[in-house]
Number of protein chains: 2
Amino acid sequence: MDLPAPRLRPARATLLSLAQSAGVSVSTVSRALRGDGRISPATRKRIDALATEAGYAPNAMARTLLGGRSGLIGLVLGPMHNPFYPALLEELVTQAAERGQRLVILHAGEGSMEDRTAQALLQYQLDGCIVTSAVLPSRIATICRENAVPLVMVNRVAREHGTAVCCDNAEGGARLADWLLDAGHARHAVVGGHADTSTSLDRERGFVARLAERGHALALRFDGGSTREGGWAAGTRIAAMPPEERPDAVFAVSDGMAMGVVDALRAGSVPVGEAGGVSVVGFDGVAAALRPPYELTTILQPLRAVVGRGLDLLLARMEEPDRPEEVVMLRGTLHVGRSARRPVGWGI
Amino acid sequence: MDLPAPRLRPARATLLSLAQSAGVSVSTVSRALRGDGRISPATRKRIDALATEAGYAPNAMARTLLGGRSGLIGLVLGPMHNPFYPALLEELVTQAAERGQRLVILHAGEGSMEDRTAQALLQYQLDGCIVTSAVLPSRIATICRENAVPLVMVNRVAREHGTAVCCDNAEGGARLADWLLDAGHARHAVVGGHADTSTSLDRERGFVARLAERGHALALRFDGGSTREGGWAAGTRIAAMPPEERPDAVFAVSDGMAMGVVDALRAGSVPVGEAGGVSVVGFDGVAAALRPPYELTTILQPLRAVVGRGLDLLLARMEEPDRPEEVVMLRGTLHVGRSARRPVGWGI
DNA sequence: CATGCTTGCGCAAAGCTTTGCTCAAAGTGC
DNA sequence: GCACTTTGAGCAAAGCTTTGCGCAAGCATG
């Protein structure tokens, strides 16, 4: 017998090694481990014990090669400075694991994706791809389409096509407008996000439309660039305005920016959420925004549901590639905090 | 052990399909694509063109099966509410890609890792594992050790053993102490993080030790729990103290907490970084902390270098599993912002 | 012309699992 | 005792790449 090729790794348990210890064939071990009824309980028990002792883990590579699924999902992450995305990531990892899938990060951050990176999608036989980035890297979309790899967008929607799950952003924006109007606010400002993300635009659009329906116009608009600093800059300018010109309500289209606005107002000694001050509302419901010192009035995204539906949609498209594309909008919940004045008579 | 149903993927190009179109053998295609010198330029050119046209991507699963490396690295992420971790993640993804590796997320967040998740490490033949979580999930460490999978900790160090890369936390803490003392601060407070993370403890220890060396004692200590809210709570208590008892310098052991402290002080109308106010310093140098409204004086972690060394160490251990364990400490840089009073005569 | 070296490429095995078939032994009914 | 079903398990192929070895043709040398 010739020497086996020098392996870097110490030999792990395989079906073959288990079969040899158990004195049965490889196929018997495979079937025993997978719970095939044709194997007698005695044999199965013996093999199970052996496998546990040897710390056997089936080789996913070999399994995938047989034409099954890899159990791997590609993930394209957007810029991480918006605190919503880290939360989304955590939830995605957890729920993917619950469904027996792992996430392979294809990209994170603002830069564009390298070609070599996109190739990984094919090399590793990824079962599908989730894009949470607000800016859709169209390269990955093309590759997915050409190779029939299902792709689902989470927290964003492409205008033309594609499957997506997101919060009903326009409705949330409208709900916030109602809330502010009901509380008697008269001069409204918006701090917008990236101009090219459906999410930011829809929130703003829903807000402004509801304002208009109820006979109000937007008094002021700032570009917050979807960053906390952008919010702070807007808040600083608001704080610097003479009180009579100052908006009494500010809708920052994401909590990150809203927190920045609050910080700036407070730094400028403008009270937040009190009569005579400025009311600030946000969107997303990230943990930090709900707690002191912010206690934002905001729209709570149903994060668990958004992620769950996203993954389910992706899994469904794996089974049934010709499924029609669909866009799922989940309604958020108005969370009443202390950052905005409340309608008279509300609560207590 | 649930196996996904076998599904027929649309046939992708394989070496075999390319070989048939080119009228050569599979091995010739393989060698041509890999640039083996034995293939004539003419043949290679023809095959290259064919491969490009067919969008061929080598099957990483098959390649891995041959005993080579998978090109996959497992990643264990800590709780994402500390803004340092999202930044670390971005950098990791980028640099892993530069080295031709992908990251598979094994775990994110505070919860403990499920066994099934840990199994993925073996099933997918991961080449190595990076643990950035401050709290080392010992389960994964055990699995790595038993299966000779290299593991590198980034931004944390285990007391007993293991390979790790981190900022020189104690030295950074000491540098901050010097800076505050040089500027004439007299009453020092620390806002600490998790009691069980080496990173937080080392920073605090280095700070207090230098204070002691120079004849000062720590006046006050708060537990900030490594969260921004924890920092805010500490800042609130500081703001509520009578000015004569109040510390004039606060070291929050991470920027996230430091920002919370600053917010709370300002909300309590305590000036930050000015004479007669409170100086606040942090640690990490996350982007948000460097910009307005915080402009923190802090220790800049050499993030790119930390990640780079971490990956290099991991790759080195793949080649040479018996390499001695090592701990690499990279020195941070003092970044002078506006959140702390400066020594007289400094600058200008 | 015989021999030997290059050049260029094919053969086949290995790596690990899953699964359709095949097959032997044991059990059942008459 | 015989034919037949059930039970339990093995054989072998497939899935895709990589790579050691072999082989044929072309060319130069003696």
Side-chain angles (χ1 to χ4, degrees), chain A residues 1-20 22-47 51 54-71 119 122-125, chain B residues 1-20 22-47 51 54-71 119 122-125:
Chain A
M1 276 284 129
D2 28 304
L3 245 44
R7 288 188 46 121
L8 289 170
R9 246 192 284 280
R12 288 188 191 156
T14 68
L15 285 187
L16 181 60
S17 72
L18 290 179
Q20 285 167 342
V24 295
S25 77
V26 170
S27 29
T28 298
V29 178
S30 174
R31 283 195 256 258
L33 259 24
R34 313 212 46 221
D36 187 304
R38 288 183 298 175
I39 305 300
S40 71
T43 308
R44 170 140 43 124
K45 213 160 207 168
R46 193 158 46 96
I47 294 177
Y56 172 74
N59 185 324
M61 303 299 190
R63 186 181 277 179
T64 304
L65 211 49
L66 264 296
R69 300 212 297 243
S70 64
Q119 286 287 317
L122 300 177
Q123 297 189 218
Y124 288 100
Q125 316 289 109
Chain B
M1 291 269 171
D2 25 29
L3 179 76
R7 109 198 154 84
L8 44 171
R9 242 188 285 274
R12 290 188 190 156
T14 68
L15 285 187
L16 182 60
S17 72
L18 290 179
Q20 285 167 344
V24 296
S25 75
V26 170
S27 27
T28 299
V29 179
S30 174
R31 283 194 257 257
L33 259 24
R34 301 185 55 88
D36 187 306
R38 289 184 297 175
I39 305 299
S40 71
T43 309
R44 171 141 42 122
K45 214 160 208 171
R46 193 158 46 96
I47 294 178
Y56 172 75
N59 186 323
M61 304 298 189
R63 185 179 281 176
T64 304
L65 212 48
L66 264 297
R69 298 213 298 241
S70 64
Q119 286 286 318
L122 300 177
Q123 297 190 219
Y124 289 99
Q125 316 288 108

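Below, read A as the first sequence line, B as the second, and so on, with proteins coming before strands; counting in each chain starts at 1.
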Taking atom [atom2] of [N] as reference, at what distance in whole Å does atom [atom1] of [X] sit?
X: B:I47; N: C:dG10; atom1: CD1; atom2: C1'; answer: 12 Å
X: A:Q125; N: D:dT17; atom1: CD; atom2: P; answer: 8 Å
X: A:L65; N: D:dA14; atom1: CG; atom2: P; answer: 13 Å
X: A:L18; N: C:dT17; atom1: CG; atom2: C1'; answer: 12 Å
X: B:L16; N: C:dG10; atom1: CG; atom2: P; answer: 13 Å
X: B:D36; N: D:dG20; atom1: CG; atom2: P; answer: 10 Å
X: A:M61; N: C:dT18; atom1: CE; atom2: C1'; answer: 17 Å
X: A:L33; N: C:dT19; atom1: CG; atom2: C1'; answer: 15 Å

Using only side-chain N and O atoms of A:Y56, determine if any of them is under 4.0 Å from OP1 or OP2 of C:dT17. yes
Hey, is B:D36 close enough to B:R38 for a salt bridge, meaning N to O under 4.0 Å? yes
Do the side chain of B:R31 and the main chain of B:I39 share a donor and acceptor less than 3.5 angstrom apart? no
B:A13 backbone acceptor or donor facing B:S17 side chain under 3.5 Å: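 The answer is no, because no donor-acceptor pair under 3.5 Å joins these two groups.
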What does nucleotides 4-10 of chain D look like as a protein-contact string, B for base, S for sugar-phosphate only, - for none, at under 4.0 angstrom between heavy atoms? ----BBB
If I take atom OG from residue B:S25 and atom CG from residue B:L16, how far apart are they, to the nearest 0.5 angstrom?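 Atom-to-atom, B:S25:OG and B:L16:CG are 10.5 Å apart.
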Using a 4.0 Å heavy-atom cut-off across all strands, classify B:S30 as base, sugar-phosphate, or nothing. base
Work out which heavy atom in A:L65 is nearest to a heavy atom in B:A62; give both atom names and the distance.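 In this case the closest contact between A:L65 and B:A62 is CD1-CB, 3.9 Å.
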Could you tell me if the side chain of A:L15 sits less than 4.5 Å from the side chain of A:Y56, heavy atoms only?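 Counting from C-beta outward, A:Y56 and A:L15 do come under 4.5 Å.
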